[in-house]
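Input: a single structure, listed below in structure tokens.
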Amino acid sequence: MYTQGLDQKEQSSDKRDALESAADLEAFQKRIDAEQKIEAKDWMPAAYRRTLVRQISQHAHSEIIGMQPEGNWLTRAPTLKRKAILLAKVQDEAGHGLYLYGAGETLGTSRDEMIADLLSGKAKYSSIFNYPTLTWADMGAIGWLVDGAAIMNQIPLCRCSYGPYARAMVRICKEESFHQRQGFDIMRELCRGTDEQKAMAQDALNRWWWPSIMMFGPSDKDSKHSAQSMAWKIKRFSNDELRQKFIDVTVPQADFLGLRVPDDDLAFDDETGHYRFGAIDWSELNDVIAGNGPCNKQRIAKRRKAHDDGAWVREAAIAYGEKHATKAAA
Ligand code: FAQ
């Protein structure tokens, strides 16, 4: 359905880069600067296409791998209502993965290729999903902080220059907003509960705070893709700008809950109107991205097994398609 760009894949990316004329590149940038949406069949620089396939596929992989930490609690949710809400949320993440693979396919890379890159370890997914979910309060912290960070990053993506990605993000953001609220609601209930429940909420905040602010990616000075992605209006804000917005919005929410953000240097700066915060341990982010986080191996092993276990479904779908194609041809 979405593979109309596949015909543009025949030449190698180097050849395509070399064939691009200065006039084509200039005309393309003019369209971007005029806020015109780029659509699947439009001409685009090969590097723009590669950047989008990289980002959209990594985004899709994050949604799919991101089902695991919360999926771990589906059978242990404290009430039937909480279980139903969590189940709906985890299913939404699967849907997000599918819309995003669909958006990626419009650029001429098939879903099978994108998934192969995830399973081989070539493609990344968000660092945040390599941390364990130890208590029920982690379901609250993930919804509140991880979905909260995801929304902060993804609302500007609704204005991304590439039409199919921008449009996919609209529905995703609406669903992420529900996810964030259900997480905050879990935290609020725990914080109004017994001392033990409040301590559980605090412990979850302690463990998820720093990984959540690392989700926004390396600092601007180390972000190799930001300058070009912002010039192409794929990214509308830099990693540091979004991180700061998230901190500014989230610290008052922690205050409302009566929880302490685990950062001794956190302080509101009256002059700038923003929170100042402590040094981020970039070595932790680099380690997790390099595959050495607490759960990287477990997450990818589980994904590979799920993929292998689903082989019969893909085979059956192909056989069914072939049967109908033969009938139609006859
Ligand atoms: N983890 O030059 P930059 C969600 C990589 S969805 C792992 O700054 P860029 C919903 C980056 O890929 C969460 N790798 O890169 C949910 C690049 O490596 P590469 C996912 C990271 O692309 C909630 C290198 O570092 N959201 O949470 C990370 O300009 C709950 C250099 O970095 C998206 O994917 C990281 N945190 O900016 C689901 C949003 N950060 O590719 C379930 C779309 C950076 O050269 C449960 N993506 N890297 O090998 C983006 O906005 C951007 O791609 C950034 C990175 C901001 C993530």
Side-chain angles (χ1 to χ4, degrees), residues 47 50-73 86 88-97 99-100 103-104 117-118 121-131 133 138-158 160 162 165-166 168-169 172-173 175-180 182-183 208 210-232 234-243 246 280 282 284-293 296 299:
R50 280 198 300 274
T51 296
L52 282 167
V53 171
R54 176 185 65 77
Q55 177 167 324
I56 296 173
S57 64
Q58 292 183 168
H59 192 167
H61 302 330
S62 303
E63 301 281 359
I64 298 296
I65 297 277
M67 294 165 74
Q68 293 186 33
E70 288 165 294
N72 182 35
W73 277 88
L86 188 62
K89 178 190 191 293
V90 173
Q91 285 176 336
D92 282 351
E93 310 300 359
H96 298 175
Y99 318 146
L100 287 163
D117 284 350
L118 169 68
K122 186 175 160 206
K124 295 187 168 75
Y125 58 89
S126 181
S127 50
I128 193 72
F129 302 116
N130 293 304
Y131 291 85
T133 43
D138 290 19
M139 298 306 96
I142 290 182
W144 173 36
L145 302 174
V146 176
D147 286 277
I151 295 170
M152 195 56 85
N153 165 277
Q154 291 173 12
I155 293 278
L157 288 174
C158 298
C160 160
Y162 186 56
Y165 190 24
M169 291 317 303
I172 292 178
C173 284
E175 291 174 351
E176 298 292 20
S177 168
F178 147 64
H179 298 169
Q180 194 271 350
Q182 67 85 39
W208 288 93
W210 290 102
S212 297
I213 65 173
M214 288 177 198
M215 269 178 82
F216 293 94
S219 68
D220 290 353
K221 68 175 174 38
D222 296 321
S223 168
K224 56 184 172 177
H225 301 296
S226 277
Q228 182 60 74
S229 289
M230 287 180 75
W232 277 330
I234 294 171
K235 284 170 97 162
R236 296 279 177 163
F237 295 97
S238 75
N239 298 356
D240 287 339
E241 283 169 339
L242 290 172
R243 190 173 0 257
F246 172 75
I280 295 175
W282 295 117
E284 177 177 330
L285 178 66
N286 293 337
D287 263 5
V288 177
I289 294 181
N292 304 318
N296 293 60
R299 298 287 186 244

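Remember, it's a predicted structure, so these values are computed and weren't measured experimentally. Basis for what follows: all heavy atoms, side chains included, without hydrogens, waters or symmetry-related copies. Counting starts at 1 for both ligands and their atoms, in listed order. The chain is numbered in sequence order, starting from 1.
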Discussion item. Tell me whether D92 is salt-bridged to K89, with the criterion being a basic N under 4.0 Å from an acidic carboxylate O.
Written reply: no
For [Y], does its backbone N or O pair with a side-chain atom of [X] as donor and acceptor, under 3.5 Å?
X	Y	result
R299	G66	no
W73	T133	yes
T51	A47	yes
N296	G293	yes
D287	N292	no
D117	A123	no
E70	V90	no
N286	W282	yes

Which of the atoms of ligand 1 are close to [X], meaning less than 4.0 Å from one of its heavy atoms?
X	value
K89	30 (C), 46 (C)
Q154	6 (S), 26 (N)
G217	40 (N), 44 (C)
F216	56 (C)
Y125	1 (N), 7 (C)
M215	27 (O), 36 (N)
A150	4 (C), 10 (C), 27 (O)
M214	36 (N)

Worksheet item: Between H59 and Q154, is a side chain to side chain donor-acceptor pair (under 3.5 Å) present by the stated rule, with each step listed?
Response: CA-CA 10 Å; H59 192 167; Q154 291 173 12; 2.9 Å; yes
Worksheet item: Counting heavy atoms only, which part of Y165 comes closer than 4.0 Å to ligand 1: side chain, backbone, both or neither?
Response: side chain
Worksheet item: Backbone, side chain, both or neither: what part of N153 comes under 4.0 angstrom of ligand 1, heavy atoms only?
Response: side chain
Using a plain distance cutoff, I'd like to know if [X] has any nitrogen or oxygen under 3.5 Å from a nitrogen or oxygen of ligand 1.
X	answer
S127	yes
N239	yes
E70	no
K124	yes

List the closest protein heavy-atom neighbour of [atom]: residue, atom name, distance to the nearest 0.1 Å.
atom	answer
atom 23 (C) of ligand 1	D147 OD1, 3.3 Å
atom 21 (C) of ligand 1	I289 CD1, 3.4 Å
atom 10 (C) of ligand 1	E176 OE2, 3.3 Å
atom 12 (O) of ligand 1	Q58 NE2, 3.0 Å
atom 42 (C) of ligand 1	E93 CD, 3.4 Å
atom 44 (C) of ligand 1	P218 CD, 3.5 Å

Fill in: Side chain proximity check, L118 to I64, heavy atoms < 4.5 angstrom
no
Worksheet entry | 4.5 Å side-chain heavy-atom contact, D138 and Y131 | no
Item to complete: Could you list the residues that satisfy side-chain contact (heavy atoms from CB on, under 4.5 Å) with P156, not counting sequence neighbours?
Response: R236, F237, L242
Heavy atom to [atom], shortest distance: which of [options] holds it?
atom	options	value
atom 26 (N) of ligand 1	R54, H59, K224	H59
atom 3 (P) of ligand 1	S62, A60, S223, S126	S223
atom 55 (C) of ligand 1	K235, Q55, H225	K235

Item to complete: Take E176 and H179 through the side chain to side chain donor-acceptor pair (under 3.5 Å) test and state the conclusion after the steps.
Response: CA-CA 5 Å; E176 298 292 20; H179 298 169; 3.0 Å; yes
Worksheet item: In Å and rounded to the nearest 0.5 Å, what is the OH to OG distance from Y125 to S57?
Response: 14.0 Å
Worksheet entry | Residue-ligand contact S229/ligand 1, heavy atom below 4.0 Å | no
Worksheet item: From atom 7 (C) of ligand 1, is the closest protein heavy-atom distance below 4.0 Å?
Response: yes
